[in-house]
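Contents: one structure, followed by commentary.
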Amino acid sequence: MPQFRLAPLSLVLAAALTPIALAEKAPESQPTGDQPEAVETKAVETEAKGESQPEQSKPAQKPRVELAILLDTSGSMTGLINQARTHLWSIVNEFESIKRNGQRPDVYVALYEYGNSRLDEKTGWVRQIVPLTGDLDTISEKLFALTTSGGSEFCGQVIQSAVTELEWSTGPGVLRTVFIAGNEPFTQGPVDFRKACAAAADLGITVSTIHCGAEQTGIDTMWAEGAKLADGSYFHIEQNAVERPINAPQDTRIAELNAELNQTYIPYGNATERSRALGRQSAQDANALKLAPAAIAQRAFTKSSANYRNSHWDLVDAVRLKKVKLEAVPAEQLPEALRSMTLDQRREHVAAQQSRREAIQKEIQQLSAARAKHVAEVRRERVASGEAPASPMLGKAVGEAVREQAVASGFEVRPSR
């Protein structure tokens with residue numbers, strides 16, 4: 001498939017959906033405005049103080065991947081946004097195949113949009129949607145809330161914003177990377193892309209560029225040069241390409257297990273937060289299910305992995321990761337069914353849900369491995385017959401760069417699923 005590489009690579013980028021009976025009914029709709037509601041902001045801020053947000057200039061202890069995705073949301077980019085929604089989970093799952101010193105990295109994702117006329121001209125039509133976070137449901141929710149509108153696409157400005165605004169970790173065990181996708185010349189705007197990319201490289205942050213259009217056009221309009229300056233990769237995609245769904249024999253059971261997995265979550269916090277967290281989880285299952293069998297299958301695999309961390313609202317994860325002490329959680333911050341339990345009964349219940357979750361996750365992983373083999377075989381047949389898209393899709397472009405940059409940065413990489 002057409003692809004243009006530059007410079008050494010060094011870093012990177014359901015069936016039943018019933019919320020668990022222990023919580024109040026989730027809200028029927030999710031917020032879609034430009035800014036997160038107060039409770040959503042609090043969820044991200046809580047995580048920022050807990051498991052997900054790195055402190056400024058504090059060396060990371062465990063391997064981690066910090067990935068900022070910058071999406072052009074001008075009028076012609078609906079296809080790009082749809083690819084980002086579809087491929088989010090497959091991108092995250094690439095990190096399951098990499099380790100450093102025998103440890104899998106924790107994954108944190110940030111999301112920006114640029115080039116949308118609804119945004120503030122004073123910021124160069126750039127908006128930080130979500131800072132670096134391990135709350136992947138929030139990332140998915142925000143992707144589905146994006147809308148397009150014509151505007152001015154300033155690549156240098158959005159790169160500069162991501163490099164200077166995000167709280168990147170320091171230390172040798174961190175992959176720090178920016179992925180920017182769009183279709184207008186990379187040279188537009190008041191911030192020189194060369195300076196922005198050089199500043200990123202100076203901080204050990206790679207910038208990989210994905211031009212939505214012809215390969216040579218991206219080279220001529222300096223998208224390839226931007227990647228070269230920040231030790232990243234340059235790719236081109238057809239943003240409106242849609243791959244015909246590949247159904248697999250494992251899909252039905254994976255969807256069933258995904259719904260069962262949701263039943264193991266025990267939300268804590270105030271009633272509104274508990275309801276919203278479960279509602280967000282269920283809504284992102286539904287969003288993935290609407291896209292394609294691959295999307296919900298990839299999401300289920302993510303939920304079976306260590307990358308799906310929800311200690312900021314789920315008691316099982318919070319206790320497992322030692323983020324809270326069960327005896328310290330006030331009864332009013334627990335679902336109704338747990339309030340009448342003794343402390344020992346609560347401990348037994350949390351432990352039982354953890355055990356049940358691990359068994360479900362193991363089965364999902366086994367089925368996902370079999371599904372991946374089936375899908376790879378079908379895709380090879382389609383490529384051979386000319387049925388597959390001529391250009392790589394967004395997920396494949398990012399996935400390839402993730403793996404190659406991980407190797408170049410000292411991570412061990414096993415073959416992809």
Side-chain angles (χ1 to χ4, degrees), residues 19-23 42-55 60-65 89 92-93 95-96 99-109 132-139 173 257-270 273-274 276-278 280-282 284-285 299-331 333-335 337-339 341-366 368:
I20 69 174
L22 294 175
K42 182 176 181 181
V44 173
E45 290 174 349
T46 299
E47 192 171 37
K49 298 173 184 176
E51 70 171 8
S52 292
Q53 184 78 10
E55 295 180 16
Q61 300 301 312
K62 185 180 178 183
R64 57 195 294 143
V65 173
W89 306 109
V92 171
N93 291 338
F95 301 111
E96 276 294 290
K99 290 183 179 180
R100 189 181 183 93
N101 298 324
Q103 286 186 300
R104 284 194 177 92
D106 288 337
V107 179
Y108 303 87
V109 181
L132 285 167
T133 179
D135 185 350
L136 300 178
D137 284 347
T138 291
I139 295 292
L257 289 168
N258 180 67
E260 291 178 23
L261 189 62
N262 289 355
Q263 304 284 330
T264 69
Y265 283 82
I266 306 175
Y268 71 100
N270 68 48
E273 290 170 338
R274 295 197 305 272
R276 191 176 299 281
L278 284 174
R280 181 182 293 116
Q281 182 185 63
S282 183
Q284 299 326 301
D285 282 351
R299 174 168 163 80
F301 182 81
T302 300
K303 290 168 67 176
S304 75
S305 76
N307 286 328
Y308 193 68
R309 305 181 305 277
N310 293 289
S311 65
H312 55 294
W313 67 266
D314 169 50
L315 203 56
V316 176
D317 273 356
V319 171
R320 177 178 62 85
L321 296 171
K322 296 181 172 59
K323 299 299 180 181
V324 301
K325 293 183 178 180
L326 191 55
E327 61 270 25
V329 181
Q333 292 192 12
L334 295 172
L338 270 69
R339 294 177 190 175
M341 293 182 182
T342 66
L343 179 58
D344 285 343
Q345 288 172 330
R346 290 174 186 171
R347 284 174 174 155
E348 290 176 2
H349 182 72
V350 171
Q353 293 297 80
Q354 174 65 31
S355 179
R356 182 186 177 203
R357 183 179 300 178
E358 290 173 354
I360 295 170
Q361 289 173 327
K362 182 178 180 180
E363 187 174 352
I364 289 175
Q365 290 172 1
Q366 292 170 341
S368 296

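Throughout, residue positions are numbered sequentially from 1 according to the sequence presented.
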Rounding to 0.5 Å, atoms NE2 (H312) and CG (L321) come to a distance of 12.0 Å
Taking D137 as the fixed residue, which of R299, Q284, Q281, R280 is the one that meets the side chain to side chain donor-acceptor pair (under 3.5 Å) rule? R299
Could you report the tightest heavy-atom contact between I266 and D314, atom names first, then the distance? N-OD1, 2.9 Å
Please check: side-chain N/O of S282 versus main-chain N/O of L278, any donor-acceptor pairing under 3.5 Å? no
Taking the side chain as C-beta and beyond, is there a heavy-atom pair between V324 and Y268 under 4.5 Å? yes
Note: G134 and Y108 closest approach over all heavy atoms is N-CD2, 3.7 Å
Measuring from R347:CZ to L326:CG, what's the distance to the nearest 0.5 Å? 6.5 Å
Taking atom types as modelled and ignoring hydrogens, do the side chains of Q361 and Q365 form a donor-acceptor contact shorter than 3.5 angstrom? no
Look at the side chain of R356 and the backbone N and O of T264, then say whether any donor-acceptor pair between them is shorter than 3.5 Å. no
Here the pair of heavy atoms bringing A331 nearest to R346 is CB-NH2, 3.9 Å
Do I360 and Q263 have side chains that get closer than 4.5 Å, going by heavy atoms? no
Nearest 0.5 Å please: distance from the NE2 atom of H349 over to the CG atom of D344. 14.5 Å
Where S311 and A318 come nearest, the two heavy atoms and their spacing: O-CB, 3.5 Å
Who pairs with Q366 by side-chain contact (heavy atoms from CB on, under 4.5 Å), at least two apart in sequence or on another chain? K362
Scanning both residues in full, the closest heavy-atom pair of L334 with R339 reads O-NE, 2.8 Å
Hits for side-chain contact (heavy atoms from CB on, under 4.5 Å) against R104, two or more places apart or cross-chain, chain-then-number order -> E96, K99, R414
Side chain proximity check, D317 to R357, heavy atoms < 4.5 angstrom: yes
NZ of K325 to CG of L343, rounded to nearest 0.5 Å, is 12.0 Å
Honestly, is R64 close enough over F95, meaning NZ or CZ under 6.0 Å from the six-membered ring centre and within 45° of the axis? no
Roughly how far, to the nearest 0.5 Å, is CG of L136 from CZ of R309? 7.0 Å
Looking at W313, is its backbone amide N or carbonyl O close enough to the side chain of N310 to form a donor-acceptor pair, meaning the two atoms are under 3.5 Å apart? no
Tightest non-hydrogen contact, residues P267 and R274, listed as O-CD, 3.2 Å
